[in-house]
Q: 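Take this structure first; my questions come after.
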Amino acid sequence: MVERSLRGMKIGANSLESDIGVALVDRREVTYECLDNQQRFVVTLAADAEAPAVWECRCGSEAKLIGAQVEDDDEEKTQKPVRTHWDMLLERRSKEELQELLDERLALLREGKLYKRMR
């Protein structure tokens with residue numbers, strides 16, 4: 001048998017696509033500072049993307065955007081309050097209607113018409 005070496009590429013070693021005709025998006029770099037280590041690092045984002053105020057550092061703690069104006073207080077004021085199930089129920093029925101429904105259901109339950117009891 002003839003000994004031959006197979007020529008090929010490692011998986012993931014090189015891309016078979018060329019960069020011809022590819023338009024790259026304009027980019028910008030933003031700097032973050034880690035709150036724990038006081039170290040700075042740079043993140044590359046698209047030019048039109050909004051940089052988040054907080055980014056996760058390599059050490060796992062939070063890093064804040066350098067030179068950003070923090071408007072967390074304004075965001076909290078503009079957010080709607082959380083609607084609970086009770087709030088949504090009160091949008092559909094008044095308290096008097098709810099009391100009437102409760103009384104009807106309790107009467108049916110006491111008479112044994114609502115659920116059959118297992119004996």
Side-chain angles (χ1 to χ4, degrees):
M1 293 225 166
V2 181
E3 290 188 30
R4 292 187 195 172
S5 65
L6 295 175
R7 293 186 184 184
M9 294 177 54
K10 296 179 186 175
I11 295 177
N14 295 320
S15 174
L16 299 176
E17 295 181 15
S18 66
D19 292 337
I20 298 172
V22 175
L24 297 176
V25 176
D26 294 332
R27 295 182 270 172
R28 66 184 173 110
E29 294 182 344
V30 291
T31 307
Y32 288 90
E33 184 172 8
C34 181
L35 298 176
D36 291 344
N37 302 0
Q38 301 299 325
Q39 69 183 39
R40 291 184 177 201
F41 59 93
V42 176
V43 176
T44 304
L45 300 173
D48 58 345
E50 184 178 335
V54 179
W55 194 274
E56 185 177 345
C57 182
R58 288 184 209 147
C59 66
S61 63
E62 288 185 349
K64 290 204 174 187
L65 181 64
I66 295 177
Q69 297 176 354
V70 179
E71 299 179 10
D72 292 336
D73 297 333
D74 295 337
E75 289 180 14
E76 290 176 8
K77 291 178 185 175
T78 59
Q79 291 180 353
K80 292 182 179 180
V82 177
R83 287 176 40 197
T84 62
H85 294 291
W86 178 250
D87 295 333
M88 290 185 266
L89 183 64
L90 289 178
E91 289 175 5
R92 295 190 304 268
R93 301 187 186 262
S94 66
K95 288 188 178 182
E96 293 80 21
E97 291 174 322
L98 292 172
Q99 185 63 45
E100 184 180 327
L101 286 172
L102 177 64
D103 294 338
E104 289 175 10
R105 299 301 278 187
L106 285 174
L108 288 173
L109 184 63
R110 288 180 183 133
E111 293 172 5
K113 296 179 182 177
L114 191 59
Y115 295 110
K116 292 185 179 181
R117 294 182 184 175
M118 299 182 113
R119 294 179 188 194

Q: So does R93 have more than 12 non-hydrogen atoms from other groups sitting under 6.0 Å from CZ?
A: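 12 or below, so no.
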
Q: Looking at residues at least two apart in the chain, or sitting in another chain, which of them share a side-chain contact (heavy atoms from CB on, under 4.5 Å) with A47?
A: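 Partners of A47 by the side-chain contact (heavy atoms from CB on, under 4.5 Å) criterion, ordered by chain and then number, come out as D26.
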
Q: Any chance you could measure C34, atom SG, to R40, atom CZ, to the nearest 0.5 Å?
A: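 The CZ atom of R40 is 12.0 Å from SG of C34, to the nearest 0.5 Å.
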
Q: If you count every heavy atom of other residues, nucleotides or ligands that lies below 6.0 Å from E62 atom CD, does the total exceed 12?
A: no

Q: Looking at every non-hydrogen atom in both residues, tell me the closest pair between R92 and E97 and how far apart they are.
A: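 Smallest interatomic distance, heavy atoms only, reads O-OE1, 4.4 Å.
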
Q: What are the two closest heavy atoms between L24 and R27, and how far apart are they?
A: CD1-NH2, 4.4 Å

Q: What closest approach, in Å, do T31 and L65 show between heavy atoms, and which atom pair accounts for it?
A: O-CD1, 3.5 Å

Q: Testing the basics here: between V82 and D87, what is the closest heavy-atom pair and its distance to 0.1 Å?
A: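 Answer, listing the atom of V82 first, then D87: O-OD2, 4.0 Å.
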
Q: Is any side-chain heavy atom of D36 closer than 4.5 Å to one of C57?
A: no

Q: Measure up the Y32 and F41 rings against each other and bin them: parallel (under 30°), tilted (30 to 60°), perpendicular (over 60°).
A: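 Ring orientation, 0 to 90° scale: parallel.
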
Q: Mind checking whether E33 and K64 have side chains closer than 4.5 Å, heavy atoms only?
A: no

Q: Pair E100, D103 - check side chain to side chain contact (heavy atoms under 4.5 Å, CB included), show working.
A: CA-CA 5 Å; E100 184 180 327; D103 294 338; 5.6 Å; no

Q: With rounding to the nearest 0.5 Å, note down the distance linking CD in E56 to CZ in R58.
A: 12.0 Å

Q: Apart from L98 itself, which Ile, Leu, Val, Met, Phe, Trp or Tyr residues share its cluster (side-chain heavy atoms under 4.5 Å, direct or through members)?
A: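 Its cluster partners, ordered by chain and number, are W86, L89, L90.
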
